[in-house]
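Notes for the one structure printed next.
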Amino acid sequence: MSEITINDIAKEAGVGKSTVSRVINGSGYVSSETRKKIEKVMEENNYFPSAVARSLSKQESDTIGLIIPEANNPFFGEILSGVSQSIDENDLTLILCNTANEIEKDFRSLQVMLRQRSKGLIFTPAGNYNKKQFKKLNNLIEKINCPIVLLDRSIEGFTTDGVYSDNFTSSYLATEALIKAGHSRIGIIQGDLSLSIGRERLAGYKKALEAYGLEINDHYIVPGNFDADTTYNLMIDLLNSEAELPTAFFISNNLSCIGFLRAVFEKNLKIPEDIAFVVFDKVAGQELFNMKYSYVERDVRKMGKKAMELLLKRFEHPDKPYEKVIIDSKLKLLGSELYI
DNA sequence: AAGATGACTTTCTGTCCTTT
DNA sequence: AAAGGACAGAAAGTCATCTT
């Protein structure tokens, strides 16, 4: 049994297919009598128009592409939840690509969106582009030719709508909180410095130490890359070493924190008595272990929703100036007051 | 004779412009 | 208000022509 098409509906309703098309899309003139008849026939035949054919004709699909770098990061789960709510509300279709922080997969994902003739794109780039990669990116984007909203990570030299956070200020405040709690030996689990968010978070940390006259000790800078395993290994090395340890850490992201905690617990250290921390972004699941901890909180769902909002606005007004939205974040201090 | 190759046509299903 | 028909891009189908 072949699929029911607009022609079948038209034939059965005794009208032309263009009339059926107008009913489907609620456009143009259709007498209410004809409309009712066509709707009845569509209902009876359980007819759904082919999105494939519609895309073929319109030279555009109703899909929104979402390209994320870390499917294992709950941050992007929250983003997805915000985006998909708006997708539903606006009767769009979502295509999701995960790049695992590999730039080559950025390109593959963009090619997918190009092949799909996506209507819009929300994009968190996998990393820092070199000249050649930047050129390739520009070529692809030019071909895709649809509105793009950057999310959380910017691309140097590329201007478009975007939703970001104030990484510098949040990191400054997080580090400052540790200082105010009485810590003077404060380390950082550094993020991926090829990403602007990694650099900004490091800069905020450094600036806070500087502001309070504390020395920046390279030995306290753990060169992580936003990933749990790397941080775990580095922390184990550090905890095994003879060196004097920091009494507190600012941790650049939630995944690093998992590695950090694994190492700390493995060495039977107590949080926050032995070692305190403030982490950028919520760490999923910690509430379950009744572990109070401090973190930089941001409304991530809202970031996803806002990105969609920018896209929808761009559809309406293709030529308006680009918009850069900073979603505010605040410090959640939940640990012991003494230590933080 | 059998197989490979290339040129051309048809098919798929909605959309949209023109005509009645 | 409704009908008719061109059209979109890729794949499959058709047929003629060329190569072994």
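Predicted model only: the values in this text are computed from it and were never measured. Every chain is numbered from 1, with letters handed out A, B, ... down the list of sequences.
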Hey, mind stepping through A:R298 and A:D152 against salt bridge (charged side-chain N to carboxylate O under 4.0 Å, His left out) and telling me if it holds? CA-CA 12 Å; A:R298 33 181 187 164; A:D152 196 45; 3.0 Å; yes

Describe, as an angle rounded to 10 degrees, how the axis at the first end of the helix from B:dA1-C:dT20 to B:dT20-C:dA1 is tilted relative to the axis at the last end, five pairs per end. 30°

A:E266 with A:R262: basic N within carboxylate O range, under 4.0 Å: no

Before accepting this row, confirm whether a basic side-chain N of the pair A:K306/A:E309 lies closer than 4.0 Å to the acidic partner's carboxylate O. yes

From C:dG9, C:dA2, B:dT13, nucleotide with atom closest to A:Q59 side chain: C:dG9

Would you please classify the geometry between the A:F277 ring and the A:Y293 ring as parallel, tilted or perpendicular, with 30° and 60° separating the classes? parallel

C:dA8 P sits how many Å from A:R115 CZ, rounded? 22 Å

Can you check salt bridge (charged side-chain N to carboxylate O under 4.0 Å, His left out) on A:E44 and A:K40, steps first, answer last? CA-CA 6 Å; A:E44 281 168 359; A:K40 185 161 166 267; 3.4 Å; yes

So A:V30, base contact, sugar-phosphate only, or nothing? Heavy-atom distance under 4.0 Å. sugar-phosphate

Every protein N/O lying under 3.5 Å from an N/O of nucleotides 4-7 of chain C:
residue : atom : partner : partner atom : Å
C:dG4   : N7   : A:S18   : OG           : 3.3
C:dG4   : O6   : A:S18   : OG           : 3.3

Those residues that, when tested against A:E200, pass side chain to side chain contact (heavy atoms under 4.5 Å, CB included) (two or more places apart): A:N167, A:S196

Sequence neighbours left out, cut at 3.5 Å: what donor-acceptor pairs do the side chains of residues 135-151 of chain A make with other protein atoms?
residue : atom : partner : partner atom : Å
A:N138  : ND2  : A:F134  : O            : 3.2

Give one of base, sugar-phosphate or nothing for A:N7, where a contact means two heavy atoms less than 4.0 Å apart. nothing

Sorted by chain and residue number, the ring pair (Phe, Tyr, Trp, His ring centres under 6.0 Å) partners of A:F249 (sequence neighbours excluded) come out as A:F260

Lys/Arg-Asp/Glu bridge criterion (N-O < 4.0 Å) met for A:E78, A:K282: no

Contacts to DNA chain C from residues 34-56 of chain A, heavy-atom cutoff under 4.0 Å, which residues? A:T34, A:L56

Given C:dA2, B:dT13, B:dT15, the nucleotide with the shortest approach to the side chain of A:T5: B:dT13

Taking NZ, NE, NH1 and NH2 as the nitrogens, is one of them in A:E60 or A:R117 under 4.0 Å from a carboxylate oxygen of the other? no

